[in-house]
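Everything below concerns the one structure shown next.
Note on naming: letters A, B, ... go to the chains in the order of the sequence lines (proteins, then strands), and numbering restarts at 1 for each one.
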Amino acid sequence: MSNLLLLPVLVPFLAGAVLILLRNHPLIQRVSSAVIMTVMLLISIQLLYTITTGGILTVELGNWSPPFGIVLVGDMFASMMVLLTSIVGLACLFFSFQTMARIREKFFFYPFYFFLLTGVNGSFLTGDLFNLFVFFEVMLISSFILIVFGGTPYQLRESYKYVVINVFASGLFLVAIAFIYGATGTLNMAHIAVQVAEMEQQGVINVAAILLLIVFGMKGALFPLYFWLPKSYYGPPAAIAALFGGLLTKVGIYAIIRTFTLIFVHDTAFTHNIILALAGLTMFFGVLGAVSQFDFKRILSYHIISQVGYMVMGLGLFTPLALAGAIYYIAHHIIVKSALFLFAGATQKITGTTDLKKMSGLLKTHPALAWLFFISAISLAGIPPLSGFFSKFALILSGVEEGRYIIVAVSLLVGLLTLFSMMKIFIYVFWGGPSLKRSDYAHIKLLPLLAPIIPLVALTITLGLFAEPIFVFSEGVAAEILDPSIYIDAVLEE
Amino acid sequence: MEILMILTGGIIITVAVYLLMTRSILRVVFGIIMLSHGVHLLILTLAGLEEGAPPLLTENADAYTDPLPQALILTAIVISFGVTAFLLVLAYQTNKAHDSDDLEELRGNADE
């Protein structure tokens, strides 16, 4: 029992509530949100350290002992995700200081930014299925407001669809919760896992499992439920798009991995083969979408879909090596994808467009931007020694060991096509004769724009160069989530 | 009684799905409202419609009803209330910005 676990949820919640009152003081809002975000980063580092050295932490809310009350559970996987949230949150916040229109800051940008982080952190840390729904809703309502931020006609139109799809998914989530509560009589995830393992009639649990897979697949953009993603992530300002692209779909993926390693392990031949097939289709169709696009942000959005496939592929293979690879991949993806979206925002600020055909020659005018982008792009495609290579290597190695050659072939092909579409961006945006005159961009200072991105690029290089210790850590996380009894004992036996 | 309740929930959700598939922007919002009603009914029914005393310490009864589904539904109602309010405003603004409430016209072009 430790109250440290409450801080990643409470700090952003209180920060958001207070910042609402400071609406007309943009400077105070900016300074205080920067301070709070830094504090959150320190808290999550401390949390990860405590949990890695001392084992799983749990907090019983209201002192109701589980399975009756709601528990927050911090294991290595959850605290790793909280740390990644803080890293990306800090980078996107500093980027928004540079790019967010001043008038928009007055319309509660910072409060909802923190409410979004409350929901994300809460979803990672909760140990109760209904509480997961509530934190999902906190996250979604904030994301509805952030995605429509600015209110251009395009954003209104696409956000409407985004909201409807997410509310529909939430309705299905409630149906699944009702099924599980009816079948097991409990909502505590550890307790559900115990009940499911003892249950004789498993048909109803399979129904609930597939319902939850549909729900989380809709939020995490799995095939064939990813159709909403590319258009809705195109609309909002770059700082918000980067936060969404890096984090939001990964909350869905986290929930899939959590439920399908803890609760639904009774019939892996059925569920995990479906997941593996979905993984292959998701990565293939996602990358085809990326190849066909000629817009910076749209290509990146389609790549989110194809890379979600890799993470789910690790779960579908369901071996320690594959899950370690998937966890490594999530860490790599969150950092690199946010960095790439921020690059898209930086080039948009410089050139005024995200259409690849309308820009060229930025290598001559902005070499630092070009080379930093190049590093992130080849990291995404999986070129050694960057972080993308090692995570994909573990996934593919595990696929070969298991004899799943189709998924291995698909993932290798997708890697190649990823490289192709990243090089397409590089060729169109950075090669060729400069499309801008000196007077067009002289007033835009590059360093403040790049400052929030450089740490992310440095992190992807670090993740690649220190692959050994990080992979050992990922294997630790995988071992912990593959043995549900560790989680169950930590929650139920105190 | 459970069968009747489940059928009612199923009919409400059928209506909701029909409304969600219509082309009018406002009807889709109504579909969302209906969906949340149907789902709430399902939560209540799937948890079992037991008969018994209110779950209070002073009641000396053999059986008590389960208060948890009501608590869940209450939470879900509050959430769906907030989301519906937001969705109505968004639908109104979208209608105003595009001067159309036909979702077919709000599809967007492939090349924008």
Tyr160(A) and Tyr92(B) aromatic centres sub-6.0 Å: no
Residues Phe107(A), Arg23(A); criterion side-chain contact (heavy atoms from CB on, under 4.5 Å); working and verdict: CA-CA 7 Å; Phe107(A) 291 96; Arg23(A) 166 178 182 192; 3.6 Å; yes
Residue among Asn131(A), Leu125(A), Asn188(A) satisfying side-chain contact (heavy atoms from CB on, under 4.5 Å) with Val71(A): Asn188(A)
Residues of residues 140-150 of chain A with any heavy atom under 4.5 Å of a heavy atom in chain B: Ile141(A), Phe144(A), Ile145(A), Val148(A)
Contact origin within Ile32(B) toward chain A - heavy atom pairs under 4.5 Å: side chain
Residues Val163(A), Val167(A); criterion side-chain contact (heavy atoms from CB on, under 4.5 Å); working and verdict: CA-CA 6 Å; Val163(A) 173; Val167(A) 176; 4.0 Å; yes
Any residue of residues 13-26 of chain B which, by heavy atoms, sits under 4.5 Å from chain A: Leu20(B), Ile25(B)
Whether Phe109(A) and Tyr113(A) hold their rings parallel, tilted or perpendicular, with breakpoints at 30° and 60°: tilted
Phe244(A) and Tyr162(A) aromatic ring geometry - parallel, tilted or perpendicular at 30°/60° bounds: parallel
Heavy atoms from other residues, nucleotides or ligands near CD1 of Ile3(B) exceed 12 (cutoff 6.0 Å): no
Ring-face cation of Lys424(A) near Phe294(A) (centre distance under 6.0 Å, axis angle within 45°): yes
Engaged part of Ser159(A) at the chain B interface, taking heavy atoms whose separation is under 4.5 Å: both
For the student: nearest non-hydrogen atoms of Ala241(A) and Tyr233(A), plus distance: CB-O, 3.8 Å
Close aromatic pair by centroid cut-off 6.0 Å: Phe133(A) and Phe130(A): yes
Stepwise side-chain contact (heavy atoms from CB on, under 4.5 Å) test for Lys161(A) and Ser232(A): CA-CA 8 Å; Lys161(A) 298 165 195 170; Ser232(A) 52; over 6 Å; no
Test log, rule side-chain contact (heavy atoms from CB on, under 4.5 Å), inputs Ile192(A) and Ile180(A): CA-CA 8 Å; Ile192(A) 295 172; Ile180(A) 290 173; 3.6 Å; yes
Test side-chain hydrogen bond (donor to acceptor under 3.5 Å, both in side chains) applied to Thr186(A) and Gln195(A), step by step: CA-CA 9 Å; Thr186(A) 179; Gln195(A) 300 275 332; over 6 Å; no
Aromatic contact, Phe216(A) with Phe173(A) (centres under 6.0 Å): yes
Proximity of Phe114(A) and Tyr110(A) rings by center, below 6.0 Å: no
Minimum-distance pair of heavy atoms, taken over all atoms of Phe13(A) and Thr118(A): N-OG1, 3.3 Å
Chain A-proximal positions within residues 95-102 of chain B [heavy-atom distance under 4.5 Å]: Ala97(B), His98(B)
Polar side chain donor-acceptor pair, Thr353(A) to Gln348(A), under 3.5 angstrom: no
Interface residues of residues 66-83 of chain B facing chain A - non-hydrogen atoms under 4.5 Å apart: Asp66(B), Leu68(B), Pro69(B), Leu72(B), Thr75(B), Ala76(B), Ile79(B), Val83(B)
